[in-house]
Amino acid sequence: MLVYRRFIVLVMVLLLGAGVTAVTGQSSTPTTSRQDRAAMYEILGLLNEWRLSLGLTPFRLDDTLEAMALYQANYLVTLRTIPDGPNIHKGRGGEGVKERALFNQFNWPYYGRPEQIQIGEIAAVRTAAGAITFWKSSSPHRRTVTNPAYREIGIAAFRRGVGYIYVAVLGARPNVLPALADTDHDRLYLSNELSGYAAQQQPWLHTADQVRLFDGAGRPLSAGWIPWQATLDLPDDAGDKLYVLYTDGSTEALSEVDLAQDVVVLPGYVPPPDPVLALLPAATAAPTATPAPPRPEIVRVYVDRSLTIINNARRPLDLYGLELSSGAVRLPMTWWLDAPGASANFQLYAFPPGDCVQAWSFAESTPPRKPAACDVRRAARSHLTRAQFFWLEGSFEVLLDGSVVGTCEAAARRCEVDLDG
């Protein structure tokens, strides 16, 4: 399995020659819960075990579906009482999961018309075993989990009392047929298009009846087309990546399988450590490369004009609870929510990987450039004054959901902090 540690890289860049206002007093960061990834993988393993016992395709994790699950779970934890029954699926505006799936920040693909969208949601406030027992005993939940059309999933798992709030969003997309590896047993699980919407529409692939396998360089691993099967033996010469080409005789769909990441999650699966959140500077000159030990907690580099926060993880992260603090000066991530011209897709509950926010002084004549490490600048603010330069002297703290997870030294351009302490 791909293993990587969850840590923050804080990049503090001095804003030279500018006065600033301080962000003081109590933080405006709302009280939210953190995704418990171990609990998420546990419930996914149980769901996949259930599916496989019925001869159904195991679920592959999807970032957009996870963002949808986090969106609903973050709303539920703001309620005084979490509702029972169908009301647990109603969102902030009273919308259901199918309406949420069409929100701009999710934009889940549909089959020809918006009402033909393959999406479903289940939820429970229980232990993992209790949630599975409840879903198996509830006809609507059981129908959703065992719907053969679904092949992807996103899960939010927030601790609550002795159990968790679980929200799982299940979905399928036209021409997206995942394949998952079980390298312990040299097995490859295939999926298929079993949505009734696909059969009504063109030009999407309908039910695949043949497949071909290729290695990471595009070389064939099978002699021509072979019949579709729920599972295939992993080729001995597959390497670390392969491709599955599906066809129904008229339309084809290609699926990439990273044998280290696109794996079947079952009970007992040991998840990789949590992903990386990186805060990096907008550089005006390239820093000199300096050898450093792997994963250093603090890396001192040069001084620049701005502060940039980049999600360097492989997945969207819930950043509502992230905050920098030094004495009376506090800078929560929610400060950027009011940024003029912020991206319409700017959401802290599921901040996209590779994207960033930036801050600099209003006295700057021209905004600093977006660093190359940032794919999309979601929000930028320049309403800073000298009092907010809390990283000029001493040190400051990094907090997550009110708990200190690290301390950074002043004048350091970059500081790595393990989020798990």
Side-chain angles (χ1 to χ4, degrees), residues 7-18 20-21 23 27-30 63-64 66-67 70-71 74 103-107 275-287 299 301-324 330-385 388-391 396 398 400 408 412-417 419:
F7 61 91
I8 310 178
V9 182
L10 296 177
V11 183
M12 300 302 111
V13 186
L14 301 185
L15 307 174
L16 300 178
V20 282
T21 51
V23 179
S27 166
S28 60
T29 304
D63 290 345
T64 299
E66 182 178 346
L70 289 168
Y71 182 87
N74 268 309
F103 286 177
N104 288 337
Q105 64 263 44
F106 307 127
N107 196 27
V276 173
L277 168 67
L279 298 96
L280 300 172
T284 54
V299 178
V301 284
Y302 76 112
V303 172
D304 204 339
R305 303 162 51 209
S306 68
L307 167 71
T308 303
I309 302 177
I310 299 178
N311 176 6
N312 194 45
R314 295 176 180 272
R315 317 176 68 82
L317 296 179
D318 181 359
L319 301 187
Y320 270 116
L322 187 70
E323 181 180 14
L324 309 181
R330 307 171 75 93
L331 186 62
M333 280 292 292
T334 50
W335 181 69
W336 275 275
L337 290 174
D338 298 326
S343 167
N345 292 333
F346 177 43
Q347 302 286 353
L348 288 178
Y349 64 85
F351 197 78
D355 291 359
C356 70
V357 295
Q358 276 189 293
W360 57 83
S361 170
F362 60 75
E364 292 286 343
S365 58
T366 58
R369 291 183 293 114
K370 176 178 71 67
C374 172
D375 295 332
V376 177
R377 183 165 57 195
R378 294 284 172 173
R381 293 196 69 174
S382 60
H383 299 76
L384 302 178
T385 63
Q388 197 178 352
F389 289 8
F390 53 84
W391 52 85
F396 62 91
V398 182
L400 192 62
C408 293
R413 175 181 176 243
R414 186 161 121 172
C415 168
E416 299 181 352
V417 180
L419 289 180

Step by step, would you call Q105 with Y71 a side chain to side chain contact (heavy atoms under 4.5 Å, CB included)? CA-CA 10 Å; Q105 64 263 44; Y71 182 87; 3.8 Å; yes

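Side-chain contact between V357 and M333 is present, with at least one heavy-atom pair separated by less than 4.5 Å.
At least one donor-acceptor pair closer than 3.5 Å links the side chain of W336 to the backbone N or O of Q358.
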